[in-house]
Amino acid sequence: MIHYEAYKKGYAVEIPLSLILAFVDWKFAIGNIVGYSCGRWIDPDWDIFGSNNAEGRMVNEIPILGHFLYGVSSTYGSIFRRKHRSIITHFPGLSTIIRLVFVLIIPFIVGDYVGINFIGNGWISFWVGLWAGLSQADAIHYLLDVKSKWKE
């Protein structure tokens, strides 16, 4: 099964899960569904030196920001090019946080500089949910890679 097809089918679990989580912590639930949805563009194959399908979707589907993120993903790919499918680039949770740091470090630094606090007022829960949701999308990718015995 192709990664993206499995990812789309994952919404059958992800949407009800996020709805249930909303009764516990709505900020986490929103972060969870947003994080899972980001799996469309921010996937473990960013470690490939060159473009992949997720990067193509990112550039084609997200006006302006997609081009900026393509630069971020290309930087990530050039740094981790020799670590394709390693623990630090593919294992859900760990690799997820590394990619999120690449995506969010500049907005967080700029926001902090101009006085925007992205974590205050309980929004840390959103960011943890974002990480959890993207980790779930990464887990689908990882399990398909393992099932295929890491074949290209």
Side-chain angles (χ1 to χ4, degrees), residues 3-4 6-142 145:
H3 292 99
Y4 186 59
Y7 160 80
K8 288 191 295 188
K9 289 180 181 181
Y11 275 111
V13 172
E14 195 60 35
I15 291 171
L17 175 64
S18 291
L19 289 172
I20 292 166
L21 288 170
F23 290 105
V24 179
D25 184 345
W26 66 272
K27 290 177 184 174
F28 182 90
I30 291 171
N32 190 62
I33 195 69
V34 169
Y36 187 83
S37 297
C38 285
R40 178 180 182 87
W41 307 293
I42 305 170
D43 80 353
D45 282 340
W46 271 19
D47 63 354
I48 296 172
F49 192 55
S51 297
N52 64 41
N53 290 333
E55 290 168 323
R57 284 189 297 273
M58 185 171 52
V59 169
N60 290 327
E61 296 171 0
I62 309 173
I64 301 168
L65 181 60
H67 297 279
F68 169 75
L69 287 174
Y70 181 74
V72 172
S73 68
S74 295
T75 302
Y76 179 90
S78 69
I79 292 170
F80 293 106
R81 68 188 178 281
R82 294 191 177 152
K83 301 290 185 197
H84 183 54
R85 293 186 171 153
S86 71
I87 295 293
I88 62 171
T89 64
H90 266 62
F91 194 74
L94 175 63
S95 70
T96 308
I97 196 72
I98 294 169
R99 275 180 280 117
L100 283 176
V101 166
F102 266 80
V103 171
L104 296 173
I105 193 71
I106 291 174
F108 268 67
I109 289 171
V110 170
D112 189 54
Y113 180 75
V114 298
I116 299 171
N117 184 348
F118 288 115
I119 297 176
N121 298 322
W123 283 97
I124 187 73
S125 181
F126 171 83
W127 298 110
V128 173
L130 184 92
W131 169 78
L134 187 55
S135 291
Q136 292 165 33
D138 288 353
I140 292 170
H141 185 107
Y142 178 78
D145 278 355

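We number each residue from 1, following the sequence as shown.
Interatomic distance, SG of C38 versus CG of L134, reported as 6.5 Å (0.5 Å rounding). Of the inter-residue distances, the one linking E55 atom CD with I48 atom CD1 reads 8.0 Å to the nearest 0.5 angstrom. Atoms CG and CH2, on N32 and W131 in that order, are 11.0 Å from each other to the nearest 0.5 Å. W46 CH2 to S95 OG: the interatomic distance, rounded to the nearest 0.5 Å, is 11.5 Å. Between I98 atom CD1 and I79 atom CD1 the span is 11.0 Å, to the nearest 0.5 Å. The structure places CG of D47 at 11.0 Å from OG of S73, a figure rounded to the nearest 0.5 Å.
Across all their heavy atoms, P107 and L104 have their closest contact at CD-O, 3.2 Å. Residues S18 and A29 come closest through the heavy atom pair O-CB, 3.3 Å. The nearest pair of heavy atoms linking F23 to L19 is CD1-O, 3.4 Å. Among all heavy-atom pairs drawn from A137 and G39, the shortest one is CB-CA, 4.0 Å. Here the closest non-hydrogen pair linking S37 and Y11 is OG-OH, 2.8 Å. Scanning all heavy atoms of the two residues, the minimum distance from P92 to S135 falls at CB-O, 3.7 Å.
The 12-atom threshold is not exceeded at CG of N121, counting heavy atoms of other residues, nucleotides or ligands nearer than 6.0 Å.
Using a 4.5 Å heavy-atom threshold, the side chains of P44 and R85 count as separate. Between F126 and F118 the shortest side-chain heavy-atom distance does not fall below 4.5 Å. Looking at heavy atoms from C-beta onward, I140 lies in side-chain contact with Y36 at the 4.5 angstrom threshold. Between L69 and W41 there is no side-chain heavy-atom pair separated by less than 4.5 Å. The shortest distance between side-chain heavy atoms of I33 and E14 falls below 4.5 Å.
Listed for the T89 side chain is a donor-acceptor partner under 3.5 Å among the backbone atoms of S86. Not a single donor-acceptor pair under 3.5 Å links the side chain of D43 to the backbone N or O of A54.
Ring geometry for H141 against H3 counts as parallel: the plane angle stays under 30°, on a 0 to 90° scale with 60° as the upper cut.
Contacts of I124 classified as side-chain contact (heavy atoms from CB on, under 4.5 Å), with partners at least two apart in sequence or in another chain: I119, V128.
Between the side chains of H90 and D138, no donor-acceptor pair of N or O atoms lies under 3.5 Å. Side-chain contact, Y70 with S51: a donor N or O sits under 3.5 Å from an acceptor N or O.
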